[in-house]
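What's counted below: heavy atoms across the whole structure, side chains too, no hydrogens, waters or symmetry copies.
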Amino acid sequence: MFAQLQARLGLEIRQELLELAFTHRSFAYENGISETNERLEFLGDSVLGLVVTEELYKKYPDLDESRLSPLRSGIVNMRALADIARSLELGQYMRIGKGEEVTGGRDKNSLLADSLEALIGAIYLSQGFAASQKIVGELISQTMESAKDKGAGLDGKTALQELAAARKISPPEYQITESGPDHDKTFVATAVVGGDAIATGEGKSKREAEQIAARLAYEKLIS
């Protein structure tokens with residue numbers, strides 16, 4: 001089942017870890033399974049964060065923390081991770097419940113991002129940090145360049161606020177909606193500039209969602 005994925009990654013991962021990495025809690029609940037991918041996701045998130053931080057530290061010695069932090073957020077946010085997951089076609093491997101299946105769970109940003117992080121956790125447990133670092137570096141290379149080109153090293157909300165001030169329109173506002181259980185919420189922010197809803201962003205925190213919405217709104221307004 002996972003032969004194509006392992007060939008694509010260029011390494012072998014223990015079968016039981018791969019199955020667990022793609023086991024969503026909705027599937028586990030419906031099938032009486034006690035384990036889900038959430039612990040692997042937690043581990044993978046830490047591995048991902050360390051690798052990305054080190055890559056940025058070495059690649060951009062001229063940037064200080066105030067620029068590196070939002071640049072990192074531009075790489076490890078839900079939307080960016082979901083896009084990487086789509087490039088690996090991870091949706092086809094996910095074990096999800098019937099409810100998630102009928103509502104398009106295999107293409108949800110949140111589920112895809114979680115599955116990618118869980119996969120990274122599985123790689124770490126199966127092959128160690130060096131292999132994880134190599135794979136993550138390859139997966140994020142294009143996203144890293146794209147984030148830098150788009151100016152993700154600048155704070156999105158600050159950039160949008162300054163643009164609004166320069167155009168003499170009212171300061172940006174953010175409309176927030178949230179969904180999901182307390183331990184796994186998804187936030188959606190809509191950036192409103194001059195009374196118009198310009199762009200939306202999705203993230204695992206209110207701040208992340210607002211930053212993504214602000215960045216997308218900024219790019220739309222200057223294009």
Expected output: side-chain [X] to main-chain [Y] donor-acceptor under 3.5 Å:
X	Y	result
Glu117	Leu48	no
Arg106	Met94	yes
Arg215	Gly201	no
Glu30	Lys98	yes
Ser126	Ile123	no
Asn77	Ala80	yes

What I'd like to find out is whether the side chain of [X] reaches to under 4.5 Å of the side chain of [Y], using heavy atoms alone.
X	Y	answer
Ser110	Met78	yes
Thr190	Ile176	no
Val192	Tyr174	no
Arg86	Leu81	no
Leu43	Tyr124	yes
Thr103	Lys108	yes
Leu160	Leu221	yes
Ile135	Ile120	no

Minimum heavy-atom separation for [X] to [Y], with atom names?
X	Y	result
Val136	Val51	CG1-CG1, 3.6 Å
Lys185	Gly180	NZ-O, 3.4 Å
Leu119	Leu88	CD2-CD1, 4.5 Å
Ile13	Ala122	CG2-O, 3.9 Å
Gly91	Leu112	N-CD2, 3.8 Å
Gly97	Ser26	N-OG, 2.8 Å

[atom1]-[atom2] distance between [X] and [Y], expressed to the nearest 0.5 angstrom:
X	Y	atom1	atom2	value
Asp184	Glu38	CG	CD	6.0 Å
Leu125	Glu16	CG	CD	10.0 Å
Thr23	Arg95	OG1	CZ	3.5 Å
Leu17	Gln127	CG	CD	10.5 Å
Glu41	Arg25	CD	CZ	8.5 Å
Gln4	Glu89	CD	CD	6.0 Å

Practice task
State, without any angle test, whether Glu55 and Gln133 hold a side-chain donor-acceptor pair at a distance under 3.5 Å.
Solution key: no
Could you check whether atom [atom1] of [X] has more than 12 heavy atoms from other residues, nucleotides or ligands sitting under 6.0 Å from it?
X	atom1	answer
Tyr57	OH	no
Arg39	CZ	no
Glu101	CD	yes

Practice task
Would you please classify the geometry between the Phe2 ring and the Phe22 ring as parallel, tilted or perpendicular, with 30° and 60° separating the classes?
Solution key: parallel
Practice task
Find out if a path of hydrophobic residues (ILVMFWY) with successive side-chain heavy-atom gaps under 4.5 Å connects Phe129 to Leu116.
Solution key: yes
Problem - Side-chain ion pair, Lys206 and Glu178, N-O less than 4.0 Å - result: no
Practice task
For the pair Lys204 and Asp114, evaluate side chain to side chain contact (heavy atoms under 4.5 Å, CB included) and give the outcome as yes or no after the intermediate values.
Solution key: CA-CA 10 Å; Lys204 290 187 176 182; Asp114 290 349; 2.6 Å; yes
Problem - Pair Glu35-Leu20, side chain to side chain contact (heavy atoms under 4.5 Å, CB included): steps then yes or no - result: CA-CA 7 Å; Glu35 286 190 292; Leu20 184 58; 3.7 Å; yes
Exercise for the section: Under the side chain to side chain contact (heavy atoms under 4.5 Å, CB included) rule, what do Leu111 and His24 come out as? Steps first, then yes or no, please. Expected result: CA-CA 8 Å; Leu111 270 64; His24 187 255; 4.0 Å; yes
Exercise for the section: Could you walk me through whether Lys157 and Gln161 pass side chain to side chain contact (heavy atoms under 4.5 Å, CB included), step by step? Expected result: CA-CA 6 Å; Lys157 292 179 69 174; Gln161 185 171 347; 6.0 Å; no
